[in-house]
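If you're wondering where the values come from, they're calculated on a predicted model, not measured in any experiment.
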2 protein chains.
Amino acid sequence: MAYGYKIGSIPITTVQRLATYLPALREMQRQGRSIVSSANLADMLRLEAIQVRKDFGYLEITGRPKTGFKIVELIEAMERGLSWNRVSDAILVGTGHLGTALLNYRGFGYHGLNINAAFDIAPDRVGTVINGVEVQHLDAMGGSLDAAMAILTVSPESAQAVAEKLVQAGITGIWNFTGRTLLLPEQVIIQDQDIAIGLAVLSAKLTARAREAIEAESTLRP
Amino acid sequence: MAYGYKIGSIPITTVQRLATYLPALREMQRQGRSIVSSANLADMLRLEAIQVRKDFGYLEITGRPKTGFKIVELIEAMERGLSWNRVSDAILVGTGHLGTALLNYRGFGYHGLNINAAFDIAPDRVGTVINGVEVQHLDAMGGSLDAAMAILTVSPESAQAVAEKLVQAGITGIWNFTGRTLLLPEQVIIQDQDIAIGLAVLSAKLTARAREAIEAESTLRP
DNA sequence: GGTGTATCGAGAAAAAAGTATCGATACCGT
DNA sequence: ACGGTATCGATACTTTTTTCTCGATACACC
């Protein structure tokens, strides 16, 4: 990567896994559990126990031998270490199918996200209310937004232009679902969320697996 | 990772980047370009030229010094190396907001994906048609699906149960949007697509950046 | 045709991520 | 109380990924 392997002192790969531990831990809490071991979590998430423990090593927390970690403390440590406790406000731009899906998504609460405004330019969308958020016209987006983060779900074609507008409005972090690379001032933090990447990996894995199977078969009868 | 760093002989990280090169190259083609250098692509995608060239090194292709790569050949090599040329059929289960968004998504064609059936259990959705695909009742999903891959966009609560049903129906690859870890036979390939991870990373980056800024300021006036 | 330069591509080095080892510690059953 | 054992956590090791270095090659300009 050009820059940015780490967040503070925590590797990005660890942050990613921590993000998946969180809902798993919350689920355990709901089921009445209060203690979890690295092996428990690893089994649950198809990982290795060593890796889970290593990840926890970046947090300010200590487990107890023979027992494990207190789930409450774990969650607190994760929220503290990564600031998922402070609720951060975001706006969403582009209320197509994906934007609507995100506006209705319930999992964001885990990470303290609150979408407090939505924008679009299509006349038939402006004025509608999606999950309690009214869709405003993009031109109405003034300079004093009540958010630092923007979720960008517009068409690829308009991605760059809209992104520039967001930066002018004071947005400092963009979660980019458009699939286009945004070229913006360096101080703006961009998180690309290219859904097609996951598909590409899965599809490549599937054909690789299929190829293996064929090779294995041809080895059986030469 | 428990297993699976590579696809064939290509690192997963490379496959991921290749997946982002593809639309960029297609876009260039549309604009009439036929040659691209590693530096060109790198600039366009905010990467390093060396990395682009290394990624290309895994493909069966050679560039020309002082010129670069023929875009047509690049695309062909990528499709050949990762089998994105063969169209693969998929089904989609769970036609909520996200499922609907994916059914309407246009970017899948790049990777040869064709969603040929959709399933749900909600009575008000069964029978409707989304982007040309009729939503069928999940119980109607027989044993002879015309697809190897399934896109899972049901609720977290029903994820595991539905996934098991998919495996019984002969699905060998699952693109899992539910956020839950699926526990399935090892031969089933699972690609987790946890949207919250991207948010977690962005949100952590933002607060880390904010923290840096505060520290920098307090250093100025001690 | 010769010279300069941009680009590739192979191999080495560096950095990062993941995995193993092992002593220390706290619970469990007797 | 005591030995057995599961688990943590520090350190060392291995693998993977990224980055650097540098010679080779092909185009451009003179």
Distance check needed: [N] [atom2] versus [X] [atom1], whole Å only.
X      : N       : atom1 : atom2 : result
R53(A) : dA10(D) : CZ    : C1'   : 11 Å
I50(B) : dT17(D) : CD1   : P     : 17 Å
R64(B) : dG9(C)  : CZ    : P     : 11 Å
Q51(A) : dG18(C) : CD    : P     : 5 Å
D55(A) : dA10(D) : CG    : C1'   : 16 Å
R17(A) : dT19(C) : CZ    : P     : 8 Å
I12(A) : dT18(D) : CD1   : P     : 12 Å
F69(B) : dC27(D) : CZ    : P     : 14 Å

message: Measuring centre to centre across the rings, with the benzene-like ring taken for any Trp, is W84(A) within less than 6.0 Å of F108(A)?
response: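 No, ring centres 6.0 Å or more apart.
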
query: If you fit an axis to the five pairs at each end of the helix from dG1(C)-dC30(D) to dT30(C)-dA1(D), how big is the angle between those two axes, to 10 degrees?
result: 30°

Heavy atoms from C-beta onward define the side chain here; which of [options] lies closest to that of [X]?
X      : options                   : result
T13(B) : dT17(D), dG18(C), dC8(D)  : dT17(D)
P11(A) : dT19(C), dT17(D), dA17(C) : dA17(C)
K66(A) : dT19(C), dA6(D), dG9(C)   : dA6(D)
P65(A) : dC8(C), dT25(C), dA17(C)  : dT25(C)

query: Salt bridge check: are R26(B) and E79(B) linked by an N-O gap of less than 4.0 Å?
result: yes

message: Within a 6.0 Å radius of atom NZ on K165(B), are there more than 12 heavy atoms belonging to other residues, nucleotides or ligands?
response: yes

